[in-house]
Participant: 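This structure is in structure tokens; I'll ask about it shortly.
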Amino acid sequence: MGCSNMKNAMIAFLAPLPSILFYLSFINNSTHPSLIIISTWHPLLLVNLIFFFNVNLLFWLIAQIQSSHWMIDPYWTVIPVMLVHYYSSHPLSNYDSWRSRIVIILTWLWSIRLFHNYFRREKWQWGAREDWRFTDMSQQYGKQWWWASFFSIYLSHQFLLIGLSLPMYVIHSVNQPLNIWDLVAAVACLSGIVIAYFADTQLYNFVMSRDHIEEGDDDKGTKILESGLWYYSRHPNYFGEQLWWWGLVVFAWNLGHGWAFIGALGNTMCLGYVTKLVEQRMLKQEKRAEAYKMYQNTTSVWIPCFKFKFNSSASSDLELKIKNA
């Protein structure tokens with residue numbers, strides 16, 4: 001396990017080097033004849049080309065060799081940081097320095113929070129497993145998965161990550177002084193980061209405590225997390241994540257570029273589908289299905305709010321069954 005962990009860590013650190021070295025050369029030698037034309041390219045064109053060749057093609061090839069698409073998950077937490085610095089350092093950038101600093105700091109905070117949660121959940125292992133959704137899709141596609149994965153995982157991640165980073169591009173292409181809406185956006189972004197952190201920490205602690213229950217205990221696997229932020233929402237971590245991305249949209253909207261919401265909208269739609277998959281998975285667990293059904297009927301999906309009663313003649317019988325489980 002240790003050797004595999006070290007090997008995957010080295011692969012993860014070396015994989016983005018082509019993009020990093022190219023861009024550093026581009027920034028430091030933008031007057032070189034071979035780079036003058038590139039320096040006039042639109043920032044979104046260049047970033048999409050870099051993403052396609054370094055992430056889509058290279059990560060996909062590595063996945064074919066390793067038979068695992070694990071690497072895109074940790075890089076979901078890193079790529080937005082790289083993008084915000086790319087937009088801020090591009091020769092065609094033009095922006096308010098204070099707004100840029102605020103967004104860069106917030107992006108680093110978001111990334112550190114998500115990076116920590118990912119590796120805490122994976123027990124600090126690199127590439128120990130791939131996302132369960134990718135595994136499910138591989139079973140659905142069968143022998144066609146080797147090529148379908150390029151479109152289902154990598155090309156779709158390009159659309160999502162570049163789309164989600166559009167507000168970062170807008171922030172570094174419009175030079176206007178700060179105003180009250182920047183404060184609103186910053187508060188929304190920071191609130192999203194904090195909410196997601198506490199929600200993920202509560203979930204992690206719950207899973208750890210549940211896993212330590214003795215195998216012979218009848219209660220093992222029967223309980224669901226219904227305290228803390230999870231008392232008010234079935235997916236408070238997803239709510240926090242959405243608040244972060246839509247907070248960035250407010251920055252762009254304030255600068256007169258409301259069209260930059262398309263990435264956040266697409267991500268919200270995808271997360272809605274993921275929410276459906278997660279809840280279907282929960283309901284397939286026989287020991288927890290009844291408790292989770294009641295949880296669904298009394299608790300908001302995303303937006304935190306107080307518990308609500310559902311009208312069902314069987315509600316009292318269901319509560320009694322769960323209490324006696």
Side-chain angles (χ1 to χ4, degrees), residues 1-23 44-86 110-165 200 238 241 245 263 266-267 269-271 273-278 280-281:
M1 177 64 76
C3 182
S4 176
N5 186 46
M6 182 64 69
K7 180 188 71 175
N8 287 334
M10 289 296 295
I11 292 172
F13 279 107
L14 292 174
L17 280 183
S19 292
I20 295 172
L21 293 176
F22 168 79
Y23 194 68
L44 291 178
L45 172 61
L46 183 57
V47 77
N48 272 285
L49 288 174
I50 294 174
F51 196 110
F52 182 83
F53 287 105
N54 197 164
V55 179
N56 291 358
L57 284 179
L58 182 58
F59 283 27
W60 177 74
L61 287 173
I62 292 172
Q64 300 310 306
I65 295 170
Q66 292 193 313
S67 298
S68 175
H69 299 276
W70 67 270
M71 203 159 64
I72 195 65
D73 274 350
Y75 266 95
W76 176 273
T77 72
V78 174
I79 290 174
V81 174
M82 300 174 71
L83 289 173
V84 75
H85 284 288
Y86 161 81
W110 169 84
S111 178
I112 292 169
R113 194 283 302 174
L114 196 57
F115 192 82
H116 170 263
N117 181 65
Y118 172 79
F119 279 99
R120 176 178 59 179
R121 186 187 68 214
E122 298 300 311
K123 299 179 180 178
W124 308 101
Q125 298 293 311
W126 293 82
R129 59 178 179 171
E130 67 177 7
D131 192 301
W132 61 269
R133 290 164 294 186
F134 301 160
T135 303
D136 287 352
M137 284 193 289
S138 69
Q139 295 171 355
Q140 294 171 10
Y141 282 96
K143 294 181 180 180
Q144 308 303 318
W145 179 236
W146 72 271
W147 64 265
S149 60
F150 179 81
F151 300 93
S152 300
I153 298 177
Y154 300 96
L155 202 59
S156 64
H157 272 76
Q158 177 169 358
F159 287 132
L160 276 175
L161 283 168
I162 299 298
L164 286 168
S165 73
D200 280 332
Y238 292 174
E241 184 72 0
W245 291 116
N267 189 55
M269 294 171 66
C270 287
L271 202 52
Y273 180 66
V274 170
T275 299
K276 179 182 177 181
L277 294 179
V278 170
Q280 287 177 346
R281 202 178 189 210

Participant: Treating S152 as the side-chain partner and S149 as the backbone partner, does any N or O pair qualify as donor plus acceptor under 3.5 Å?
Facilitator: no
Participant: Would you find a donor on one side and an acceptor on the other, under 3.5 Å apart, between the side chain of Y238 and the backbone of T275?
Facilitator: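 Checked: no pair found.
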Participant: To the closest 0.5 Å, what do you measure between CD1 (I11) and CE (M71)?
Facilitator: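 I11 atom CD1 to M71 atom CE measures 7.0 Å (nearest 0.5 Å).
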Participant: For atom OH of Y118, is the number of surrounding heavy atoms from other residues, nucleotides or ligands below 6.0 Å larger than 12?
Facilitator: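 More than 12 heavy atoms, drawn from other residues, nucleotides or ligands, come within 6.0 Å of this atom.
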Participant: At what distance, to the nearest 0.5 angstrom, does CH2 of W124 lie from NE2 of H116?
Facilitator: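 So the CH2 of W124 and the NE2 of H116 are separated by 4.0 Å.
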Participant: Below 4.5 Å, heavy atoms only, C-beta onward: do V278 and R281 meet side chain to side chain?
Facilitator: no
Participant: Checking side chain to side chain contact (heavy atoms under 4.5 Å, CB included) for the pair E122/D73: CA distance, chi angles, key distance, verdict?
Facilitator: CA-CA 11 Å; E122 298 300 311; D73 274 350; over 6 Å; no
Participant: Does I153 reach the side chain of W145, with side-chain heavy atoms less than 4.5 Å apart?
Facilitator: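 In contact.
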Participant: Please collect all salt bridge (charged side-chain N to carboxylate O under 4.0 Å, His left out) contacts where either partner lies in residues 131-152, sequence neighbours excluded, each pair once.
Facilitator: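 For residues 131-152, and leaving out neighbouring residues, the salt bridge (charged side-chain N to carboxylate O under 4.0 Å, His left out) pairs sorted by first residue read D131-R133.
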Participant: What orientation do H157 and F134 show, parallel under 30°, tilted 30 to 60°, or perpendicular over 60°?
Facilitator: perpendicular
Participant: Taking the side chain as everything from C-beta on, heavy atoms only, tell me whether M82 gets closer than 4.5 Å to I20.
Facilitator: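 Heavy-atom side-chain distance check passes, below 4.5 Å.
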Participant: Can you check whether W146 reaches W60 side chain to side chain, under 4.5 Å on heavy atoms?
Facilitator: yes
Participant: May I have the step-by-step check of side chain to side chain contact (heavy atoms under 4.5 Å, CB included) for E241 and W245, ending in yes or no?
Facilitator: CA-CA 7 Å; E241 184 72 0; W245 291 116; 3.1 Å; yes
Participant: Evaluate the ring planes of H69 and Y154, with Trp represented by its six-membered ring, and classify them as parallel (under 30°), tilted (30 to 60°) or perpendicular (over 60°).
Facilitator: tilted
Participant: Without swapping roles, check the side chain of S111 against the backbone of T77 for a donor-acceptor pair under 3.5 Å.
Facilitator: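 Here the side-chain-to-backbone pair exists.
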Participant: To check you understand the geometry: which heavy-atom pair defines the closest contact between W70 and A12, and what is its length?
Facilitator: CH2-CB, 4.0 Å
Participant: If you define the side chain from C-beta out and look only at heavy atoms, does anything of D200 sit under 4.5 Å from R113?
Facilitator: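 D200 reaches R113 side chain to side chain.
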Participant: Quick one: are S165 and L161 in side-chain contact, heavy atoms under 4.5 Å?
Facilitator: no
Participant: Donor-acceptor pairs under 3.5 Å, side chain of residues 45-54 to any protein atom, not counting sequence neighbours: which ones?
Facilitator:
| residue | atom | partner | partner atom | Å |
| --- | --- | --- | --- | --- |
| N48 | OD1 | Q158 | NE2 | 2.9 |
| N48 | ND2 | L44 | O | 2.7 |
| N54 | OD1 | S19 | N | 3.0 |
| N54 | OD1 | S19 | OG | 2.4 |
| N54 | ND2 | A15 | O | 2.9 |

Participant: Quick check, are the ring centers of F119 and W126 under 6.0 angstrom apart?
Facilitator: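 Yes, the ring centres sit under 6.0 Å apart.
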Participant: Is there a side-chain contact between W132 and L277 in this structure, where contact means two heavy atoms from C-beta onward sitting under 4.5 Å apart?
Facilitator: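 The answer is yes, as the side chains (C-beta and beyond) meet within the 4.5 Å cut-off.
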Participant: Under 30°, 30 to 60°, or over 60°: which ring-plane class applies to W147 and F151, parallel, tilted or perpendicular?
Facilitator: perpendicular
